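Remarks on the structure that follows.
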Amino acid sequence: YRFNRHGDLLTVTGILEDPVYLAEPYVLTEVFRLTTNPNGFPLTACEPIEELPHLHENPALVPHYLPGKHPAMNELTDRTNIPLEAVLGGPETMYPEYRKRLKDKYTPPPPVAPAGRGRGAGAGAAPPAGAPAGRGGGK
């Protein structure tokens with residue numbers, strides 16, 4: 001960790017290097033501001049709650065899913081048709097060149113009909129012929 005103070009600001013920077021699980025160093029920063037009134041916190045009680053009712057029966061229990069067994073693992077890929085390798089692919093998937101590798105594997109999902117908002121003739125109506133669809137209307 002690195003701690004840098006500038007006036008009433010404290011910046012904490014952490015760099016995590018793990019070549020087994022990370023393709024590049026993971027950098028995380030957090031900025032804190034010095035307070036002149038340390039008693040300004042709300043007077044509410046923080047109470048621990050048991051989120052898993054059966055956890056007290058076996059304190060060594062760690063809820064988890066084995067790799068590849070999470071029931072919602074393919075939720076994004078099923079909804080958007082993005083291949084799983086692109087979702088889990090790592091840092092190379094964030095660059096525009098990666099699209100060339102997906103050219104034969106990706107088919108866009110069907111368009112979603114816009115939900116009508118408000119009242120009047122314009123709510124939920126299709127855009128005029130020749131007008132770009134969607135918000136912003138730009139490229």
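These numbers were taken from a predicted model, which means no experiment stands behind them.
- Residues passing the ring-ring contact (aromatic ring centres under 6.0 Å, His included) test with Y1, sequence neighbours excluded: none.
- In the hydrophobic clustering (ILVMFWY side chains linked at under 4.5 Å, chained through shared members), Y65 stands by itself.
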Identify each donor-acceptor pair in which a side-chain atom of residues 71-87 lies under 3.5 Å from a protein atom, sequence neighbours left out, and give them as a table.
residue: T77; atom: OG1; partner: N74; partner atom: O; Å: 2.9
residue: T80; atom: OG1; partner: L76; partner atom: O; Å: 2.7
residue: N81; atom: ND2; partner: T107; partner atom: O; Å: 3.0
residue: E85; atom: OE1; partner: K105; partner atom: NZ; Å: 2.9
residue: E85; atom: OE2; partner: Y98; partner atom: OH; Å: 3.2
residue: E85; atom: OE2; partner: K105; partner atom: NZ; Å: 3.3

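- Distance alone, capped at 3.5 Å, places no donor-acceptor pair between the R2 side chain and the N4 backbone.
- Here the NE2 atom belonging to H6 is positioned 6.0 Å from the OG1 atom belonging to T11, to the nearest 0.5 angstrom.
- Pairs passing the salt bridge (charged side-chain N to carboxylate O under 4.0 Å, His left out) check and including a residue from residues 89-103, sequence neighbours excluded, do not occur.
- Counting Ile, Leu, Val, Met, Phe, Trp and Tyr side chains that sit under 4.5 Å apart, directly or through other members, Y95 shares a hydrophobic cluster with M94.
- Remark: D104 engages no residue in a side-chain contact (heavy atoms from CB on, under 4.5 Å) (not counting sequence neighbours).
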For a quick test of your reading: what N or O donor-acceptor pairs under 3.5 Å do the side chains of residues 24-36 make, sequence neighbours left out?
residue: R33; atom: NH1; partner: D8; partner atom: OD2; Å: 3.3
residue: T35; atom: OG1; partner: N37; partner atom: N; Å: 3.2
residue: T35; atom: OG1; partner: N37; partner atom: O; Å: 3.4

